[in-house]
Amino acid sequence: MRHKRPKIRDHRAESALFSRRALVSFIAVVLMVGVLLHNLYQLQVQNHQAYSTRSNDNRIKVIPVAPNRGLIYDRNGILLAENRPIYALEVTTSKIKDLEHTLNELAVLLDLNEKDFANFKKEQRRTRRFKAVTLKNQLTEHQVSLFSVNQHKFPGVEVRAYLKRYYPYGSALTHVLGYVSKINDRDLNRLEDKGVLNNYKATRDIGKLGIEKSYEHLLHGQSGYQEVEVNSRGKIIRTLKYVPPTPGQDIQLTLDLNLQLYIEQILTKQKKDPKTGEMITKASRGAVVVMDPKDSSVLAMVSSPSYDSNQFVHGISTKNYKALLSDKARPLMNRTTLGIYPPASTVKPMIAVAALSEGIITTKTTRNDPGWWKIPNSNSRPFRDWLRRGHGRVNISKAIEESVDTFFYQIAYDMGIDRLSVWMNKFGYGKQTGIDIDEENGANMPTRIWKQNRFRKPWYQGDTIPIGVGQGYWTATPIQMAKATTILVKNGVVKEPHLLKATIKDKKVTLNPIQEKDSITGVPQRYWQAAKEGMYLVAHGYKGTGRHAFSGTPYKAAAKSGTAQVFGLAEDEEYNSEEVAEHLRDHALFIAYAPFHKPKAVVSVVLENAGGGSSHAGPISRKILDYILVDHKEAFNDSPPIANLEGTG
């Protein structure tokens, strides 16, 4: 049998193969090590700063700290808006494993309701996962203590103390101060547009109306922050840096709180309920503005009825808000700046100055009033005077004293709408007064162009005549009426009505500078005096329309009444307030100032559907001036701004 000869290995070939494989492996190892070294170089050298920052971001958190809101005081240092501590239950969802179970346990422990959970879920959708979300606001002391005992059972849940706005005088100042409330999406967009959104990262509330909104930039302050080190679970280990927030500035208003409360009181009536026979309290619908003519500072600004602003601070319920919206008395509207009414005969002194300045009349002009006036050479219906039998022969002073309509019908006819509107614009009608709250209506001083744009109709001669007595298309706000009266008192000097007296920061007082603006020039002194003498006779003349209201005053006043028609009557129809629905009755208006020679206060009163201005609004004006000039005259002397203010910050 033939055997096969075994193969003899070629050791040289195997050695060469091994060498090649070893070389390839070595090269591969070198390449991988090179890649590793390259990556290490990028991590440790080239991108060191970026990764270091990211690492610190995971370890260090910057937490914004909200500033304390500035306080608001009246002219005498009485606190009008303060900050009170409240306790809120907050949940950080990122720290909770079973959120649903935790919420159910909290509901049982603290008696939470569906509204609390609905608000929580709504807020949760708008908040980043690692930030705390409020589950329950305004915890009671019992709830705080109950949770404190059981806090160990609820990781990621804690009770925090916050300062919340509180208005101790409630509805009396709502339309002046406004209120703060929770920041919403609209607020966020507005803050972003202004470039100040970062300053509100820790802030929960923002001014929504009134002074709170207008002076938000002063009251809010500057946010601070703290840098904290956190562990992998997000728990704070230590504080690395703390920059305290800068509190908002305190502000002092020109308002006198006691006068404000007094006016609110006299606008409140006691009325017997026809069904039960019980006495009920009902607020009149109307507005009162009191100003110091020296600098146009607002001493009181009352809109009635009002509402308690505190219910908006914590979030008003849908039910209560709907009740305010549906209230026919419209408590949500600030009537002092947004209520528009025909100014009626209160504008006659201003029209008198315009007519004298334009040469339409002189101080010696007299005209006979038979009780009616008709456009010359026309077949139009006559325009009636409020006194059917007429006033006889009158000059400008008597026309103002007795409020002679026909005298001013003729003035309106002679002046024409173009000159009338220009002059009344000078007195501030038809445009915003510039008062330092955002909610203001400019009302309407009609012109030819306005009517064409509004009704697509030309201006007729008959449209001009009622303008002479403050009716027709002319509307005004109570604050405009007060401003116009102040301009008259100051012989044409114009200063914008304002509520801010001073700001206080670190006990340093800064006065609010008030400057003249668009004053009326070129009017002789005797023309101003003629209009004011007519107003003096209104209050003290033998036939003055306001003589009963100002009978026996220890001071001399000047005034002008007005009765604004709400709807028109037929030519031969007599007005009877008893037969007219309340909402169709005349508005009562009244302007006044005193003392006559050195005025300290200007008053503007509007009472909706109350009837005659002299009989209803006049007595209220008298009471207000008595309060200022007789009962509490020391309180209204010039006083320096307060510097050492104390309150809850």
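Computed from a predicted structure; not experimentally measured.
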Evaluate the side-chain contact (heavy atoms from CB on, under 4.5 Å) criterion for residues Gln260 and Val302: first the C-alpha distance (whole Å), next the side-chain angles of each, then the deciding distance (0.1 Å), finally the verdict.
-> CA-CA 7 Å; Gln260 184 89 3; Val302 178; 3.5 Å; yes
Does the pair His142 and Phe147 meet the rule for a ring-ring contact (aromatic ring centres under 6.0 Å, His included), with working shown?
-> CA-CA 9 Å; His142 176 68; Phe147 177 79; over 10 Å; no
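Salt bridge status for Asp506 with Lys508: absent, with no side-chain N to carboxylate O gap under 4.0 Å. In this structure, Glu608 pairs ionically with Arg335, as a charged nitrogen and a carboxylate oxygen lie closer than 4.0 Å. With salt bridges taken as basic N to acidic carboxylate O contacts below 4.0 Å, none links Glu82 and Arg165. In summary, Arg238 and Glu227 do not engage in a salt bridge, as defined by a charged side-chain N under 4.0 Å from a carboxylate O. The pair Glu158-Arg160 meets the salt-bridge criterion, with a side-chain N (NZ, NE, NH1 or NH2) lying under 4.0 Å from an Asp/Glu carboxylate O. Look at Asp205 and Arg69 and you find no salt bridge, because none of the NZ, NE, NH1 or NH2 atoms lies under 4.0 Å from a carboxylate O. Salt bridge Asp193/Arg190: absent, no basic N to carboxylate O contact under 4.0 Å.
No side-chain N or O of Asn83 forms a donor-acceptor pair with one of Asn68 less than 3.5 Å apart. With 3.5 Å as the limit, one finds no donor-acceptor pair spanning the side chains of Asp74 and Gln252. Residues Glu264 and Tyr169 bring no donor and acceptor atom of their side chains to less than 3.5 Å of each other.
Within the structure, ring pair (Phe, Tyr, Trp, His ring centres under 6.0 Å) pairs that include any residue of residues 185-206 comprise Tyr200-His220 (at least two apart or interchain).
In this structure, His314 has its ring center no closer than 6.0 Å to that of Tyr179. Residues Tyr242 and Tyr225 keep their aromatic ring centres 6.0 Å or farther apart.
Atom CG of Asn150 has more than 12 heavy atoms from other residues, nucleotides or ligands within 6.0 Å.
For the salt bridge (charged side-chain N to carboxylate O under 4.0 Å, His left out) test, residues two or more places apart in sequence or in another chain that qualify with Lys136 are Asp116.
For the residue pair Arg75 and Thr254, the shortest heavy atom distance occurs at NH1-O, 2.8 Å.
Of the listed residues (Asp250, Leu173, Ile211), just one forms a side chain to side chain contact (heavy atoms under 4.5 Å, CB included) with Ile72, and that residue is Ile211.
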